[in-house]
Protein chains: 2
Amino acid sequence: MATLQDVANKAGVSTSTVSRILHGKGKFTSAVQKNVHQAIKELNYQPNSNAQALASNKVALVGIITPNIAAPFYGRVASGGAATAREHQYKTLIANSFRDAEDELNAIYSFVAQGCRNIILHSMTLSDEKLIELARQIKGLVILGRYVEKIANRCVWIDNVKASKLAAEYILQKGHKKVAVLSYAQTQCDPSQRLTGAKLAFMEAGLEIPEDLIIFNDGQVADGRLSVQKLLDNKAEFTAIIAYNDLIAIGAIKELVKRGIKVPQDVSVIGFDNLFLAEISTPELTSVNYPIEEMSRYAVELSIRLTEQPNIHIEQTHLFISSIVERDSTADVNQNLVAAVVTS
Amino acid sequence: MATLQDVANKAGVSTSTVSRILHGKGKFTSAVQKNVHQAIKELNYQPNSNAQALASNKVALVGIITPNIAAPFYGRVASGGAATAREHQYKTLIANSFRDAEDELNAIYSFVAQGCRNIILHSMTLSDEKLIELARQIKGLVILGRYVEKIANRCVWIDNVKASKLAAEYILQKGHKKVAVLSYAQTQCDPSQRLTGAKLAFMEAGLEIPEDLIIFNDGQVADGRLSVQKLLDNKAEFTAIIAYNDLIAIGAIKELVKRGIKVPQDVSVIGFDNLFLAEISTPELTSVNYPIEEMSRYAVELSIRLTEQPNIHIEQTHLFISSIVERDSTADVNQNLVAAVVTS
DNA sequence: CTGTTAGCGCATTCAC
DNA sequence: GTGAATGCGCTAACAG
């Protein structure tokens, strides 16, 4: 690989001149510029980014940390973020945390060790305190999908309580009163907030969700099936299901249909995330939209602003809006079935 | 961030000693070792990987380049690769090429500029010659999902012709003779090979696929729908569809069902890739399995071997096996319907 | 406008 | 076994 020195020699100037021209700092005789550009082209020169990083203490690198980019939801985080990074001529570093706090910290520190200060973190394991501490240390740290009061200006999030309440209200509006909730067996953040939101809607309607209609599972399609099995085995009575996410919802539908229970005629199902999958499911899945890709793009923009504008003060939190996308898995409650279905 | 110097000062030794201990090179008094480790811990020292890279001309970085990691297929490439990289204590760099040859080259060069020699490339745009040239320059370049004769030992691939032939044979075995092929409108690699495979199977059976039953599209779910629309609008006669990939297959099924054509009773549909989605579709999709995640893991292993063992000679190409995963979207041809369905 | 100089943090000779 | 010295390729003062 050709170095700056090579280019400088070839163009008959010093390395600093080449460096300046490369970065468009200051002005130069156009003759010199031409020579330099010529030399760069002829030598196919590419700056060594490690040396750049070392010398300038800056790297054009966005690090994205999610539980697992193979999951469709996080895949969108990665692709949105990577695309935006690229627009700003940043490269993208990826790490999976696999929902492990230690792995997550390791990922962060290894990014930092590379001088990467632009980190987009979708964390479900670290404590608020830890995040606050990290945010103080890392200028470009942006928290995705979670709200932490003290660093609200670093948070790009949706209001899970509100969104889930919306979903529950939508179900209530359709006349459903006996509703099962398939939640995610994790004590933090999203799952508990979404559960709260659903409960809230019912409370406001003068109803409540009995504990035996709330099933916790592991958030995958297979878990949705299992949860429905459990409900039916317990002879639970319900005419609708509010699922923590689309995967669970799809699993639930599959199991219901397998048991001869029609969706949405007998039971309505609503998901959350509005993944690509929602349109593939049969019936197509009604879901709460989670604009994660836009959020991820925004998060990268924000992070870059945070690091490139040294004295920037952002007095704003970054709240995105979710809304119901109505498809075919939900319908008005069928009064005739209210008792029958349920004990099938 | 603490530096090597800080650690050395604190431990009362020189930087070179610390460096050696860090890499386990040579032997030391255990007292010194303890001091150093202590200092490292106390200072929470993390080596600066840019400096390491610059000094040693090595980086523990695997670069993965695919058209778009948001696509489910490439998401699996990224996650498999990232997981394996992590096991070897390599970090993972991601870039999307968006099927653009220039973007792809830029991504490669920017990785190289970082000293990254471990590159996993899923290219559908670069020519064989270019890939050969790149392979010569980049010791750890591994080509995923494509076979290039002259650098066969760098290729981790499946035999698309054979796999697609298998799919066609499977359909033929079920008695289908009028079969539509939904291919991908791209002249290179996989699409044309898969088409060839299907044609081959028919030829060997003394049949052929008429040109008007071969539709080219853009490979997404919506395109599958459109292609089926086109077929039906043309009053094409067919009892089975062989799709280039699962997305097309799912779109095709959706459109067929919408038109009142039953899958698999009236028309059988087989996909390719065996994505997660295949199980979500209704009916569940029969598909050709593409062990892409294992392949991606293997590719990373291979790349690391290639760079870490300087004089390694690999006299082997890395061919993975694909096989049919039978689900519910395919069935024996229904003789009564052969004429009827088709002209619906 | 341009060249000289001095590091960035680390690995790696070479001495001792 | 350990320390001192050198340089990886580049940026950023500082001179001129």
Side-chain angles (χ1 to χ4, degrees), chain A residues 1-37 39-40 43-61 89 91 109-117 308 310, chain B residues 1-37 39-40 43-61 109-117 308 310:
Chain A
M1 289 249 65
T3 71
L4 243 205
Q5 189 63 254
D6 298 335
V7 175
N9 292 155
K10 182 145 206 152
V13 294
S14 75
T15 58
S16 38
T17 300
V18 179
S19 177
R20 282 188 207 105
I21 289 182
L22 231 41
H23 295 90
K25 293 183 178 174
K27 294 191 172 171
F28 325 87
T29 7
S30 61
V32 172
Q33 286 210 39
K34 253 174 207 152
N35 279 339
V36 169
H37 281 130
I40 288 176
L43 293 165
N44 189 24
Y45 169 73
Q46 288 270 124
N48 176 318
S49 42
N50 294 117
Q52 281 185 318
L54 188 60
S56 68
N57 197 27
K58 276 182 217 155
V59 270
L61 214 49
Q89 318 212 274
K91 285 149 211 160
Y109 289 136
S110 89
F111 286 0
V112 171
Q114 273 169 91
C116 172
R117 296 171 203 304
E308 289 192 348
Chain B
M1 291 254 62
T3 70
L4 243 206
Q5 189 62 254
D6 298 334
V7 175
N9 292 152
K10 183 144 203 154
V13 294
S14 75
T15 57
S16 35
T17 300
V18 179
S19 177
R20 283 190 207 104
I21 290 182
L22 232 39
H23 295 89
K25 293 185 178 176
K27 293 192 172 173
F28 325 87
T29 7
S30 61
V32 172
Q33 287 209 38
K34 250 171 210 155
N35 280 340
V36 169
H37 282 128
I40 288 176
L43 293 165
N44 189 25
Y45 167 72
Q46 288 269 125
N48 177 318
S49 41
N50 294 118
Q52 281 185 319
L54 189 59
S56 67
N57 195 26
K58 276 181 217 156
V59 272
L61 215 49
Y109 289 135
S110 90
F111 285 0
V112 171
Q114 274 169 90
C116 172
R117 297 172 203 305
E308 288 192 348

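Order of the sequence lines sets the chain letters (A, B, ...), proteins ahead of strands, with each chain counted from 1. On a predicted model such as this, the values are computed, not experimentally measured, just so you know.
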Could you check whether [X] gets within reach of a base, just the sugar-phosphate, or nothing at all, counting any heavy atom under 4.0 Å?
{"X": "L4(B)", "value": "sugar-phosphate"}
{"X": "N57(B)", "value": "nothing"}
{"X": "T3(A)", "value": "sugar-phosphate"}

Query - H23(B) or S14(A), whichever maps to the more 5' nucleotide of DNA chain C - result: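 The 5'-side residue here is S14(A).
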Query - Any donor-acceptor N/O pair under 3.5 Å between dT4(C) base and S16(A) side chain - result: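 Answer is yes: a donor-acceptor pair is held.
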N/O donor-acceptor pair under 3.5 Å between [X] side chain and [Y] backbone:
{"X": "S19(A)", "Y": "T15(A)", "value": "no"}
{"X": "T3(B)", "Y": "Q5(B)", "value": "yes"}
{"X": "N35(B)", "Y": "V32(B)", "value": "no"}

Please report the distance, rounded to the nearest Å, between [atom1] in [X] and [atom2] in [N].
{"X": "L54(B)", "N": "dA11(C)", "atom1": "CG", "atom2": "C1'", "answer": "10 Å"}
{"X": "L22(A)", "N": "dT2(C)", "atom1": "CG", "atom2": "C1'", "answer": "16 Å"}
{"X": "R20(A)", "N": "dT11(D)", "atom1": "CZ", "atom2": "C1'", "answer": "10 Å"}

Ignoring backbone atoms, test whether [X] places a side-chain nitrogen or oxygen under 4.0 Å from the OP1 or OP2 oxygen of [N].
{"X": "S19(A)", "N": "dT11(D)", "result": "yes"}
{"X": "T17(B)", "N": "dT2(D)", "result": "no"}
{"X": "Q5(B)", "N": "dC10(C)", "result": "no"}
{"X": "K25(B)", "N": "dT12(C)", "result": "yes"}
{"X": "K58(B)", "N": "dC8(D)", "result": "no"}

Query raised in the report: Run the side-chain contact (heavy atoms from CB on, under 4.5 Å) check on L22(A) and I40(A) step by step: do they pass?
Result: CA-CA 10 Å; L22(A) 231 41; I40(A) 288 176; 3.3 Å; yes
